[in-house]
Amino acid sequence: SGGQKRRAAIAGIMAMRPEVLVLDEPSAGLDPAGKKSIFEGIRNYAEATGAAVIIVSHSMDDVAEYVDRIIVMNKGKVMYDDDPNVVFMHYRELEEVGLGAPQVTYIIKALKDKGLPVNEGPTTVDEAADEIMRALQQRNA
């Protein structure tokens with residue numbers, strides 16, 4: 001399958017043990033399990049070798065889940081360079097340049113607009129679940 005070919009190609013590159021690995025849309029066209037497999041393999045490689053991994057992607061859900069730092073470029077200039085939680089708080093500005101934020105960012109914003117005392121920082125499903133539980137406990141206390 002296409003996913004198996006992509007995984008094999010990335011594994012072949014990793015076998016050469018590069019110090020810097022640049023991947024352009026490594027999970028494009030993959031199902032959720034395939035995306036998870038690719039990104040976990042990339043993360044394991046980076047942790048095991050200390051290599052720098054640069055991922056070019058328009059999938060903000062994937063980016064939020066798997067990266068430590070985001071650099072957003074717009075017209076050749078750095079627009080943001082920070083932790084995903086900080087960058088995605090600027091989701092409106094990201095939308096203006098053709099990007100967005102992870103879906104949980106919009107869910108958290110909607111909950112806040114409805115009066116739930118949530119902080120707007122979560123970018124992953126696990127972070128959002130923790131924040132929603134914290135806010136519900138606070139509201140019910």
Side-chain angles (χ1 to χ4, degrees), residues 1-140:
S1 72
Q4 290 170 330
K5 288 177 185 176
R6 186 180 311 261
R7 282 192 289 277
I10 292 172
I13 298 299
M14 288 178 181
M16 293 187 287
R17 313 278 291 174
E19 293 178 21
V20 177
L21 182 61
V22 180
L23 301 166
D24 185 11
E25 302 286 356
S27 64
L30 297 179
D31 64 356
K35 285 182 182 189
K36 183 176 181 179
S37 174
I38 288 277
F39 281 110
E40 285 180 355
I42 294 166
R43 178 184 285 158
N44 291 340
Y45 173 78
E47 289 173 357
T49 65
V53 178
I54 299 168
I55 298 173
V56 178
S57 180
H58 288 88
S59 173
M60 296 302 106
D61 290 299
D62 293 338
V63 167
E65 184 72 31
Y66 294 103
V67 305
D68 300 321
R69 176 180 167 202
I70 298 174
I71 301 173
V72 177
M73 303 290 294
N74 183 32
K75 297 181 181 177
K77 296 189 180 182
V78 174
M79 185 173 172
Y80 296 106
D81 179 356
D82 214 324
D83 178 88
N85 300 78
V86 174
V87 171
F88 290 130
M89 289 180 80
H90 302 279
Y91 64 92
R92 286 192 179 106
E93 292 87 351
L94 294 172
E95 289 171 347
E96 290 173 8
V97 296
L99 294 173
Q103 291 300 308
V104 297
T105 301
Y106 298 103
I107 293 168
I108 290 290
K109 174 71 172 121
L111 291 171
K112 186 172 184 109
D113 290 347
K114 295 287 185 187
L116 189 64
V118 291
N119 294 319
E120 293 188 47
T123 58
T124 67
V125 172
D126 289 340
E127 290 172 351
D130 290 345
E131 180 57 23
I132 292 166
M133 291 304 296
R134 185 207 57 77
L136 288 172
Q137 289 170 350
Q138 176 186 340
R139 187 175 75 178
N140 295 331

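Bear in mind the structure is a predicted one, so any value in this text is a computation, not a measurement. Note that these values count all heavy atoms, side chains included, but never hydrogens, waters or copies made by symmetry.
- For the atom pair CG (Asp82) and NE2 (His90), the distance works out to 7.5 Å, reported to the nearest 0.5 Å.
- Every pair passing salt bridge (Lys or Arg N to Asp or Glu O under 4.0 Å) that includes a residue from residues 50-79 is listed here, sequence neighbours excluded: Lys35-Asp62, Arg69-Asp81.
- For the pair Asn119 (side chain) and Gly121 (backbone), a donor-acceptor distance under 3.5 Å is absent.
- Within the 3.5 Å criterion, the main-chain N or O of Gly115 finds no donor-acceptor partner in the side chain of Arg139.
- Between Phe39 and Tyr66, the ring planes are parallel. Angles under 30° get that label, and only those over 60° would be called perpendicular.
- Here the side chains of Leu94 and Tyr80 are in contact, with some heavy-atom distance below 4.5 Å.
- Asp130 has no carboxylate O lying under 4.0 Å from a charged side-chain N of Arg134, or vice versa, which leaves the two without a salt bridge.
- Listed here is the closest heavy atom pair of Pro18 and Tyr45: O-OH, 2.7 Å.
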What verdict does the side-chain contact (heavy atoms from CB on, under 4.5 Å) test give for Val97 and Met79, after you've listed the backbone C-alpha separation in whole Å, the side-chain angles of each residue and the deciding distance to 0.1 Å? CA-CA 10 Å; Val97 296; Met79 185 173 172; 4.0 Å; yes
Derivation and outcome, side-chain contact (heavy atoms from CB on, under 4.5 Å), residues Leu21 and Ile55: CA-CA 8 Å; Leu21 182 61; Ile55 298 173; over 6 Å; no
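- Side chain of Glu131 to backbone of Glu120: no donor-acceptor contact under 3.5 angstrom is found.
- Distance alone, capped at 3.5 Å, is enough to place a donor-acceptor pair between the Thr124 side chain and the Glu127 backbone.
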